Structure formats: structure tokens, C-alpha cells
Amino acid sequence: MKKKKKPESAFLKELRRDLQTLKSLPFKKKLVFFWDYYKWPAITAAFILITICTFAHMFYEGQKPCRLRVCVVLNTDDNCSPWFEPFVKELQADGKPGAVDINLDQPFDYDNKYYYVQEIEVMTTISSGRMDIAVCGPDMYSYVLALNACLPLDSSLSPELSSSLMESGKLVYDTAGLTIDEHGNTNPADGIDGYYAVDLSGTEFYDLYNKAKDGIEEPLYAVIISNTEHLEDCEALLKALTTPASS
């Protein structure tokens, strides 16, 4: 006994009809027809594909051997890579494997209308272990602080470096983990106090690359991310970054 054929769904019927129509049209009209009827499915598919490729690339990059990943967010478009070149050369002179990745392309500015995209990018980078230390202004520092992603420096750095930074007044005392409620308020009791950043004012790096914005000189910080696995190399960068400006 022959099995009855399942009736073709309305979707397949419509798709078959559209394919026949598409075949009968000249090339230019094919594009117009496709865009008119399938632009939203095409846009959705492209978005999903781009998202998958982006996360696949991030995962791949995260698996590469790397001994230090630095994110630098300046308030200008200055290229600070020449400053890092001698540091990287000196760091790698010990012969240990792994590259040093200096990311100068991550924007972070709360005056930008797309700041929420920048927040997602930073959060994703941190959670995937692709940031060991950040050099940034107050906007990004406050965001990383709110995420409770800053390493407490007074208890995590070597005693020598911690004491040196404390004595010179470079360690910044702040409150991490504060969240904003539905009324836009924060409760200080929910936060965790500690020394989470190094103030880079008065350093060679600060004088070279931290420019006044709208006539106001903003602070510049160095922050070690709490999930770093390269604390020793982070300390080496902190020492280089806190080199006093030549008088």
C-alpha cells in the first residue's frame, strides 16, 4: 500500500513560486525582487553570520600564546605604539614565549551615543581573558570598576612595588562593584573599597599622551584586570608607566 504524500506546506509552496519567478526575471530585476521580498531574512542571516564569525575570531585570538595583553584608551588619536616598542623589546629579552598584544583601537567615551556598544566590547574582552591591563581615562575606569574587574593592587602586587606606589601617592582608593538601581542611585554599602588603579599623572607617558580635553586635563589610570594570568608582566609595565616625567 502506497504511503500518502504529506501535503506541501504553505511556506514551501510560496518559496517554490518565488524561485520560479526569480528564474524568469532579468538580473537587475532579480536583485530588486530579492530585496523587496527577502531583505529582512537576509539582513538577519548576515547579522547572525557576522556575530558567529566575530566570536569565533575572538575565541581563536584568545587561544594564541600571549604573555601580556594591554588595552590603551587615550582621549586623543595619538599613536602611542612607539612608546611601547622599547618596553616590549626589553620584556621579551628574557626569552619567555608569547607575544605582547597592544590594543590601541578600543574606543571608550560616555559622550559617544554608541557608548553601550563600547561597554559590551570591553566586557566581552575582559570575560574572554583578552585584557591583562588597561591604560585609560575616567570613563573606562569607572566602568571596569563597576564590573568589579579591577585587581586590588595593595594586596596583589609585590610588596616592593606596592610600597613604592603607596609612598608616592600613586595608588587610587575607590569603591568597586557599585550598581545603579532603577532610580539611578547607588548604595555604597554594596561596594568593595580598595586600591584599584595607579594614577599616571606626572609620568613620562602621561605628559606625552594625555592631552587636555575641552580645556580640562582628565586623569589617566593604569588598571590590572582581576582575571589576569600574567601579573609579573603587568608589574613590569606598571614600573615602566610610572617612570617620572623628565623635568
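None of the values given here were measured: they were computed from a predicted structure.
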**OP:** Check for a donor-acceptor pair, side chain of Ser127 on one end and backbone N or O of Thr124 on the other, with a separation under 3.5 Å.
**Re:** yes
**OP:** Keeping the roles fixed (side chain from Lys170, backbone from Glu167), state whether a donor-acceptor pair exists under 3.5 Å.
**Re:** no
Original post:
With a 3.5 Å cut-off and no angle check, do the side chains of Thr125 and Gln106 form a donor-acceptor pair?
Top reply: no
Original post:
Any side-chain donor paired with an acceptor under 3.5 Å for Glu217 and Tyr206?
Top reply: yes
State yes or no: do [X] and [Y] share one hydrophobic cluster built from I, L, V, M, F, W and Y residues joined by side-chain heavy-atom distances below 4.5 Å, directly or via other members?
| X | Y | answer |
| --- | --- | --- |
| Leu220 | Tyr195 | yes |
| Tyr221 | Leu151 | no |
| Leu171 | Leu241 | yes |
| Leu91 | Val72 | yes |
| Leu238 | Tyr196 | no |

Taking all heavy atoms of [X] and all of [Y], pick out the closest pair and write down the distance.
| X | Y | answer |
| --- | --- | --- |
| Tyr209 | Asn79 | CE2-O, 3.8 Å |
| Gly191 | Thr175 | CA-CG2, 3.6 Å |
| Gly98 | Gln92 | O-NE2, 3.5 Å |

Which distance, rounded to the nearest 0.5 Å, do you find between the [atom1] of [X] and the [atom2] of [Y]?
| X | Y | atom1 | atom2 | answer |
| --- | --- | --- | --- | --- |
| Glu218 | Ser201 | CD | OG | 13.5 Å |
| Leu157 | Glu232 | CG | CD | 12.5 Å |
| Ile120 | Tyr116 | CD1 | OH | 8.0 Å |
| Asp101 | Cys66 | CG | SG | 5.0 Å |
| Leu178 | Leu145 | CG | CG | 7.5 Å |
| Met131 | Ile126 | CE | CD1 | 4.5 Å |

Given side chains that start at C-beta, do those of [X] and [Y] come closer than 4.5 Å, heavy atoms only?
| X | Y | result |
| --- | --- | --- |
| Leu68 | Phe87 | yes |
| Cys80 | Leu74 | yes |
| Glu235 | Leu231 | yes |
| Thr242 | Leu200 | yes |
| Glu119 | Tyr110 | yes |

**OP:** Check the pair Leu153, Ile224 against side-chain contact (heavy atoms from CB on, under 4.5 Å), reporting the backbone distance first and the verdict last.
**Re:** CA-CA 8 Å; Leu153 301 179; Ile224 298 179; 4.0 Å; yes
**OP:** Kindly check if the number of other-residue, nucleotide or ligand heavy atoms within 6.0 Å of CD (Glu85) is above 12?
**Re:** yes
Subject >> salt bridge (charged side-chain N to carboxylate O under 4.0 Å, His left out) partners for Asp94, two or more places apart >> reply: Arg67
Original post:
Which residue, Asn75, Val73, Val144, forms the side chain to side chain contact (heavy atoms under 4.5 Å, CB included) with Phe108?
Top reply: Val73
**OP:** Name all pairs fulfilling the side-chain hydrogen bond (donor to acceptor under 3.5 Å, both in side chains) condition that reach into residues 132-154, sequence neighbours left out, sorted by first residue then second.
**Re:** Asp132-Thr228, Asp132-His230, Tyr141-Asp174
Original post:
What about the rings of Phe205 and Trp83, do their centers lie closer together than 6.0 Å?
Top reply: yes
**OP:** Apply side chain to side chain donor-acceptor pair (under 3.5 Å) to Ser226 and list each qualifying residue two or more places apart in sequence or on a separate chain.
**Re:** none
Original post:
Are Glu229 and Arg69 ion-paired here, with the side-chain N under 4.0 Å from a carboxylate O?
Top reply: no
